[in-house]
2 protein chains.
Amino acid sequence: MSSKVIIEDVGKKTKEDLKVLILNSAKKLFVEKGIEQTTIRNISDSIGCSIGTVYVYFKDKNAIFHALHTQGFIQLSSEFKVLSHVGNPLERLRAMGKVYINFALKNRDMYDLMFNLKAPMEFLNDEKLQEWNEGKATFDVLCSTVNECLTAGYFKGHELEPTAFMIWSMVHGMCSLEISNRSVGVNIQNPETIVIAAYEEFMKIMDKL
Amino acid sequence: MSSKVIIEDVGKKTKEDLKVLILNSAKKLFVEKGIEQTTIRNISDSIGCSIGTVYVYFKDKNAIFHALHTQGFIQLSSEFKVLSHVGNPLERLRAMGKVYINFALKNRDMYDLMFNLKAPMEFLNDEKLQEWNEGKATFDVLCSTVNECLTAGYFKGHELEPTAFMIWSMVHGMCSLEISNRSVGVNIQNPETIVIAAYEEFMKIMDKL
DNA sequence: AAATTAAATGAACATTGTTCATTTTTACAA
DNA sequence: TTGTAAAAATGAACAATGTTCATTTAATTT
């Protein structure tokens, strides 16, 4: 009787767990060795199942990377939670940028997957899902913060969405150039601090608005 | 006698031309079908030579893409030449951003190759060349323009290099989000004009500095 | 004309993502 | 317990990729 329950539990666990296991293994390889070293065979080897099994739980490689990209957004939005304690919207916006930048630089490949690589978007296309919910939700957070700034009298004479997109572009561009090794390639005096220094320039500007 | 000269010329031409031919063919395929459709076999097929011949002239695929990326920078810097007629440094800076954005949006895959993809940087690493001359030269143009702005009294209280990097990040971020299809995925009212609208917000800010 | 050098070749190899007929396991009714 | 049907797992096989290299072909020099 009790054994029956246990068996059921184990059965249920392993059934869903195999998908989770594949994903965890994929994430581990992905974080450790980068995206091009994360092959289906590597994943199946590392959890001791066959290649075919991976395809039972995921349509293709893009599906795996889309799932990973979603995990990345879950982590990012959880890191955004500390911002709710910042009352002033402009202060919150500035802190948001810092959290975003820190996340990007500490999770480079994950950031690349979330905001640069084609895999997650190709998955959405294949599934005929036009909605990029993860990106929408994140951009909404930014928009409502910028909107609060506008209501509070900051950013006078600026449009909401273009301004929000500009700010996003700003921090995304910095992180992106850093991650793609373009910022170190260029002759900058202090390459190791350029992202932070550039963001501080931007914050100076914010103050004047 | 004259035939001898001609033969020499033809010989010389075809010798160097094969490398150019490979590159032109690679560029054509790359622009038409994107980077993942540009295979060595496609290139060799389209010019009617064998696979091995491509490897006579290029060390590997990264070498081809690095050469293409260099061509892209030549094109970009030639498009920058119209800027020399703009006297006011701030005006020139603004125009520079527009040229940059136009180039990026009209040559999406090329822009991706120049500023996002790993291939050109991996090539530099493999060759033990630390210098990213193309990027350095382009960033220098931006820096000297920003420096002129500082000398002319704009951007008071701002540091040269961080400010230049911030501006670069700004326009790069916009183009990058657009090219990677992240801007259309997000819920924006006017997605087709968001890049221009966001850049206009940035120009409003420049005016105030 | 012969010999040497350079250039071009494409078969072969190792890796990839992906498929699918087959086997193994599980669930459940008789 | 046994038999059967459904579900899950398998891995051989395929096509496409980048890359190598012994061999062949062409060009140049002696």
Side-chain angles (χ1 to χ4, degrees), chain A residues 1 3-23 25-26 29-30 33-68 117-120 122-123 125-127, chain B residues 3-23 25-26 29-30 33-68 117-120 122-123 126-127:
Chain A
M1 182 167 49
S3 68
K4 200 177 174 184
V5 173
I6 288 168
I7 288 164
E8 270 176 15
D9 276 350
V10 170
K12 236 184 210 169
K13 217 186 254 176
T14 44
K15 201 176 70 174
E16 252 316 283
D17 231 16
L18 201 44
K19 185 165 190 173
V20 176
L21 222 65
I22 291 168
L23 218 54
S25 182
L29 289 167
F30 174 73
K33 313 196 175 185
I35 194 165
E36 67 271 2
Q37 299 300 333
T38 308
T39 68
I40 308 286
R41 278 170 185 79
N42 276 342
I43 294 168
S44 61
D45 280 359
S46 73
I47 63 176
C49 76
S50 71
I51 310 159
T53 307
V54 176
Y55 282 89
V56 172
Y57 292 94
F58 293 95
K59 193 196 137 212
D60 54 16
K61 217 190 168 191
N62 281 345
I64 297 174
F65 282 122
H66 176 267
L68 282 183
L117 300 183
K118 290 177 180 167
E122 281 177 357
F123 174 79
N125 259 351
D126 291 352
E127 301 288 285
Chain B
S3 68
K4 200 178 173 185
V5 174
I6 288 169
I7 288 165
E8 271 175 15
D9 276 349
V10 170
K12 236 184 213 168
K13 217 186 254 174
T14 44
K15 201 177 68 173
E16 254 316 281
D17 229 17
L18 201 44
K19 185 166 190 173
V20 176
L21 222 64
I22 291 169
L23 218 54
S25 182
L29 289 168
F30 174 72
K33 313 194 174 185
I35 194 166
E36 66 271 1
Q37 299 301 331
T38 308
T39 68
I40 309 285
R41 278 169 184 81
N42 276 343
I43 294 168
S44 61
D45 280 0
S46 73
I47 63 177
C49 76
S50 72
I51 310 160
T53 308
V54 176
Y55 281 90
V56 173
Y57 292 94
F58 292 95
K59 192 197 137 211
D60 55 16
K61 219 190 168 191
N62 281 345
I64 298 175
F65 282 121
H66 176 266
L68 281 184
L117 299 184
K118 291 178 181 167
E122 280 178 357
F123 174 79
D126 290 352
E127 302 288 287

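Chain letters run A, B, ... following the sequence lines, proteins first and then strands; every chain starts at 1. Since the model is a prediction, treat every value here as computed from it, not as a measurement.
Of the possible polar contacts, one joining the D60(A) side chain to the A63(A) backbone as a donor-acceptor pair under 3.5 Å is found. Checking side-chain atoms of N62(B) against main-chain N and O of P120(B) turns up no donor-acceptor pair under 3.5 Å.
The distance from atom CG of D45(B) to atom P of dG10(C) is 11 Å, rounded to the nearest whole Å. Atom CD1 of I40(B) is separated from atom P of dC13(C) by 20 Å (rounded to the nearest Å). Straight-line distance from the CG atom of D126(B) to the P atom of dT19(D): 10 Å, rounded to whole Å. Rounded to whole angstrom, the span from the CD1 atom of I47(B) across to the C1' atom of dA8(C) amounts to 12 Å. One atom, CD of Q37(A), and another, P of dT15(C), lie 12 Å apart when rounded to the nearest Å. In this structure, CZ of F65(A) is placed 12 Å from C1' of dG17(C), rounded to the nearest angstrom. For the pair L29(A) CG and dG17(C) P, the computed distance is 12 Å after rounding to whole Å. The NZ atom of K33(B) sits 11 Å away from the P atom of dT17(D) (whole-angstrom rounding).
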E127(B)/K59(B) under side-chain contact (heavy atoms from CB on, under 4.5 Å): CA gap, chis, key distance, verdict: CA-CA 10 Å; E127(B) 302 288 287; K59(B) 192 197 137 211; 3.5 Å; yes
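Side-chain atoms of K61(A) lie closest to dG17(C) of the nucleotides dA9(D), dT19(D), dG17(C). Which of dA9(D), dG17(C), dA12(C) sits closest to the side chain of V56(A) comes down to dA9(D).
Comparing G52(B) and T39(B) by the nucleotide of DNA chain D that holds the closest heavy atom to each, the one mapping nearer the 5' end is T39(B).
Side-chain nitrogen and oxygen atoms of Y57(B) include at least one within less than 4.0 Å of the OP1 or OP2 phosphate oxygen of dA8(C). A close approach under 4.0 Å does occur between a side-chain nitrogen or oxygen of S50(B) and OP1 or OP2 of dT9(C).
Shown here is K33(B), whose NZ atom has no more than 12 heavy atoms of other residues, nucleotides or ligands within 6.0 Å.
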